[in-house]
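One structure below.
Bear in mind the structure is a predicted one, so any value in this text is a computation, not a measurement. Every chain is numbered from 1, with letters handed out A, B, ... down the list of sequences.
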Amino acid sequence: MIKNYFKIAWRNLWKGRVFNLMNITGLAVAVACCTLIFLTVYYEFSYDNFHDKLDRIYQVYNVANRPKGVEKNSAMPIPMASAFKAEYPAVKYVTRSGNMGGVVTYGNQKVDGDIHFVDPDFLKMFSFPLVQGNRNAALSELNSAVITEKAAKKIFGSKPALNQTIIINSNNEEKPFLVTGVAKDYPSNSSITFDILVRFEHFPQYKVEKNNWDSRSHIVLAEFNEGYNPQNFSKQIKSFVNKYYAGDIKNLKRDGAKPDANGDIFTLALAPFANNHFNNDIGGVEGDAISKTYPLSLVVIGCFILLIACINFINLSVARGFTRAREVGVRKTLGAGKWQLLTQFWVETIMVCFASTVVGLLLCTLLINQFKAMFKSKISLAMLLEPAHLAGIVVMFLAVTAIAGFYPALMMVRYKTVAVLKGKISGGKPGKLRNTLLVIQFTLSTLLIICTIITWQQISYLSNKPLGYNKTEVLSIPVGQNAKGSDALQLMRNELRNNSNVESVSGAYMNMGKGNDGSSMRSVLGFIYHDREVRTHLQRIDYDYIKTLDIKLLDGREFDSKFGNDSTGLVINESMARELGGKNLIGSTLPIMGGESPAHIIGIVKNFNFQSLHDDIEPLTMTMLKDFEINYIFVKVKPGNLVGAFDNIKSNWHRLYPNAEFKASWLNENTERQYLSERRLSGIFVSGAVLAIIISCIGLLAISIMMVVQRNKEIGIRKVLGANVLGIVMMLSQDFMKLVLVAAILSFPVAWWVMSHWLQSFAYRVDIHWWVFALSTALALILAFVTISFQSIKAAIANPVKSLRSE
Amino acid sequence: MLSLKQVSKYYNTGSNKTYVLNKVDLDVDQGEFVSIMGPSGSGKSTLLNIIGMLDQPSEGYMYFLNEPVHQLKEKQRSALYKQNIGFVFQAYHLIDELTVYENIETPLLYQDVKSAERKALVADALDRFNIVGKKDLFPAQLSGGQQQLVGIARALISKPKLLLADEPTGNLNSKQGEEIMELFKKLNQEDKVTIIQVTHSEKNAQYGSRIINLLDGKIDSTVIL
Ligand SMILES: Nc1ncnc2c1ncn2[C@@H]1O[C@H](COP(=O)(O)OP(=O)(O)OP(=O)(O)O)[C@@H](O)[C@H]1O
Ligand SMILES: [Mg+2]
């Protein structure tokens with residue numbers, strides 16, 4: 001019987017091969033992209049799940065209820081971790097954690113490495129098993145270092161690493177370390193990344209700030225006792241906060257901070273480490289946290305595409321079902337039971353689904369590399385073989401066959417035998433179901449088109465908005481770990497003085513945008529000015545900064561080597577001037593850096609976007625204080641020959657630093673890089689929209705073929721009665737056009753809501769215009785019309801005699 | 001073997017009921033060969049479909065092999081039908097996608113007959129109706145008469161006690177029709193199959209043992225031959 005089912009199924013599929021091919025194509029595309037999407041999403045959600053005690057590890061951050069709103073910050077003072085462990089009983093282990101690049105020297109070998117500064121508890125909390133060395137003792141000595149297998153291979157080659165001494169140069173300090181452990185390479189879905197673990201005591205500024213509760217530079221992670229419930233944390237930690245953060249609380253009170261629901265102005269809070277990969281809310285975490293919007297929008301689009309493909313399947317099966325009504329009737333008279341008939345149709349569905357899955361997975365292997373590049377996905381097809389994923393595929397397969405196959409089968413089985421045999425059902429009305437499903441398909445498609453257009457608009461707005469500085473002709477060179485920034489700047493100045501391409505050279509603590517080094521820092525500082533706290537971003541710059549970046553000076557002057565006392569001067573931006581209030585600010589002194597060295601304002605510049613366009617322009621103060629290192633050198637070149645200038649400057653750099661990488665990039669590259677996640681989202685929308693439209697149109701095409709077959713006789717009669725081609729094409733398209741229009745209108749509110757939500761995350765954003773909706777609707781209508789036209793025109797120009805004769 | 005009591009069938013057209021069958025009483029004994037006649041629209045097909053359980057009466061009772069069909073559940077009715085009734089149609093209603101062999105075999109599949117037994121039964125039937133040479137052809141490749149022969153072979157494959165035929169010769173020429181009628185007669189007399197046929201042909205009706213005339217959904221007259 002089973003064999004028979006398959007035999008019959010195969011013959012039927014072959015007979016309807018045009019439809020089934022369309023069905024398979026649509027479904028295969030859906031399977032391919034859903035596989036890629038769901039693997040990616042799974043990967044993103046699998047971050048850090050290899051840690052055995054994941055659910056007991058939390059990151060501590062502080063919450064300040066500032067008058068302007070809640071501010072979360074994860075930077076902690078150095079003495080905090082040990083005090084926390086000592087005074088909060090539920091803490092089992094605690095570690096501070098900071099990250100820095102460094103150069104590792106072993107013999108003649110010099111290797112760049114990612115240095116992680118942690119406390120000994122680190123290895124007890126996190127599952128980074130050691131292949132050599134003792135986990136409990138590996139970091140017990142101050143000069144211990146634990147390196148990964150990969151790093152060991154780079155540094156030592158095939159020689160044993162354990163008990164070797166290496167020199168690490170980080171933050172311009174050289175220190176010897178003894179390798180006391182080799183850690184197994186961690187999986188790629190780890191938020192915590194490192195080449196070498198060393199004790200936190202080596203972290204920059206450690207000795208100076210050891211007992212300072214006001215300087216905050218690193219994050220703190222804690223493991224709690226089993227069964228710990230973080231619910232009452234903020235209540236339990238109150239006395240601790242009052243004891244150590246009295247200064248913060250006092251300042252906040254003075255500035256008019258409002259207590260939150262618990263009556264706290266300033267408090268500590270816990271963020272579960274399990275959610276670390278998506279925690280972009282608290283300022284700093286291990287690794288690069290991403291917004292959940294990204295995997296979630298992928299899931300949504302994956303579901304959309306699967307839904308659209310299933311709808312095709314249902315619509316096509318139902319349409320095909322009408323032509324097979326007689327067969328069902330006959331089989332019933334031959335004694336077929338309901339389940340036997342259902343099984344027969346189901347077998348057909350399963351065969352189509354199976355073919356689609358196979359083709360889809362093949363497509364997957366073809367597309368995976370492009371997909372990985374486009375969405376920065378680290379998935380591999382080998383992941384499909386994990387039992388959980390295999391089970392997932394089987395479940396999805398069954399679900400699709402059930403949803404897409406069962407309904408049409410059930411509908412066919414329910415036909416009234418007598419009516420069918422009389423030939424009454426063979427024609428078949430379009431049906432509410434088909435229309436509803438078509439509307440759903442096109443609602444989703446139009447929705448995605450609208451999202452595509454708006455994200456695209458916003459991104460081009462972000463790229464083209466003038467930022468208040470020159471981003472095309474200025475090159476930013478990260479200094480890196482090989483040199484001291486101020487020295488490098490001085491050397492480059494001298495080196496480039498005679499370079500005809502170069503207009504000016506300067507340097508700064510913070511980059512503009514995101515450079516090739518990928519790091520971003522910011523420094524926010526508060527001080528009391530006229531009995532009120534003023535908060536400002538602080539930027540250390542050097543001579544000619546304003547000139548190099550083409551920032552407009554409104555008042556005063558910029559730093560100039562001709563003036564002797566410029567190390568205590570300040571250049572502020574308009575927002576800062578507004579924050580300070582009052583006129584004639586030039587010459588006023590500000591007690592920055594704790595007031596030990598009062599500084600005076602020497603210049604005011606026009607506002608420029610020193611942060612990404614997600615944020616408004618906040619108060620900014622620029623100094624030449626030596627406490628901040630120069631991390632980036634800025635070079636402005638003459639317009640015209642940018643490529644030549646780049647190579648030129650590169651050779652200058654290499655003459656000075658033969659071993660250091662030249663990681664320079666133009667500022668507009670840096671600013672573009674700030675919107676990578678937006679580009680990615682827009683990429684998701686574009687691909688989603690294209691796929692949705694293609695699959696929907698495949699479905700529409702198949703339905704229109706079916707419709708033309710069904711209405712062949714009517715078309716023939718109408719032509720004989722004198723209808724022209726256009727009239728017939730219109731008649732056949734009309735109903736579908738109406739459905740697409742309804743679908744488009746239904747998508748408007750959803751699209752508007754989703755997109756205005758997304759745009760909220762930008763301080764600078766485009767408005768949503770009505771024409772976007774009109775354009776998307778027009779696009780959907782045109783595509784649908786063209787799709788239907790293939791069939792309707794063919795039917796309309798066919799010789800009517802033919803169609804009538806065959807009846 | 002078959003007994004209809006006060007069977008009616010009506011359709012709701014607008015506000016009032018249109019009776020297609022009106023309180024029909026009918027008894028058929030084992031081994032009879034009944035012909036139903038009547039003008040077009042008189043309800044012949046409707047009556048036959050009700051007897052064949054393809055359709056259900058709006059009112060009334062029906063007993064088949066002493067089972068009260070009107071009380072049976074879908075599943076029981078289906079089982080009763082499968083084992084005891086064969087149907088032959090005017091339009092043959094062979095399944096286009098199946099070969100002659102497979103068409104004949106299909107009812108056996110639905111009765112879970114073992115493969116070896118199936119083979120033997122189908123081979124027998126092909127032999128008996130003289131269509132062995134045609135077994136691998138599809139319906140579209142056969143003439144009308146041959147198709148109807150296959151239809152009859154298919155209806156008889158599971159050895160039903162009752163054969164129902166709705167104008168089995170309607171689409172055939174008179175010679176083909178005659179052959180089919182001879183076949184029916186033989187089946188009735190030699191194999192003791194009870195037959196109820198609907199026909200428009202006075203001549204074909206004569207092959208039976210009883211003629212029932214329907215008029216406006218009522219039995220107008222009965223002639224015993
Ligand atoms: N679904 C329905 N709704 C309303 N009336 C129906 C329906 N089906 C059948 N009828 C009516 O029932 C009547 C009897 O139909 P039936 O097919 O039994 O006639 P018949 O005697 O077999 O005619 P013919 O000799 O033409 O085959 C017809 O008048 C027909 O219009
Ligand atoms: Mg009839």
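Within 6.0 Å of CG on Asp124(B) lie more than 12 heavy atoms contributed by other residues, nucleotides or ligands. For Lys5(B), the NZ atom counts as densely surrounded, since its 6.0 Å shell holds more than 12 non-hydrogen atoms of other residues, nucleotides or ligands. A 6.0 Å sphere centred on CG of Asn12(B) holds more than 12 heavy atoms belonging to other residues, nucleotides or ligands.
Annotation: maximal heavy-atom pairing with chain B below 4.5 Å, among Leu334(A), Val330(A), Ile8(A), occurs at Leu334(A).
Using a 4.5 Å cut-off between heavy atoms, Leu94(B) contacts chain A through its backbone alone, with no side-chain atom that close.
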Candidate polar pairs, chain B side and chain A side, donor-acceptor under 3.5 Å:
| residue | atom | partner | partner atom | Å |
| --- | --- | --- | --- | --- |
| Tyr81(B) | OH | Thr333(A) | O | 2.4 |
| His93(B) | ND1 | Arg326(A) | NH1 | 3.0 |
| His93(B) | NE2 | Leu421(A) | O | 3.4 |
| Leu94(B) | O | Arg326(A) | NH2 | 3.0 |
| Asp96(B) | OD2 | Arg326(A) | NH2 | 3.4 |
| Glu97(B) | O | Arg11(A) | NH1 | 2.8 |
| Glu97(B) | OE2 | Lys15(A) | NZ | 2.5 |
| Glu102(B) | OE1 | Arg11(A) | NH1 | 2.5 |
| Glu102(B) | OE1 | Arg11(A) | NH2 | 3.3 |
| Glu102(B) | OE2 | Lys7(A) | NZ | 2.9 |
| Glu102(B) | OE2 | Arg11(A) | NH2 | 2.8 |
| Tyr110(B) | OH | Arg331(A) | NH1 | 2.9 |

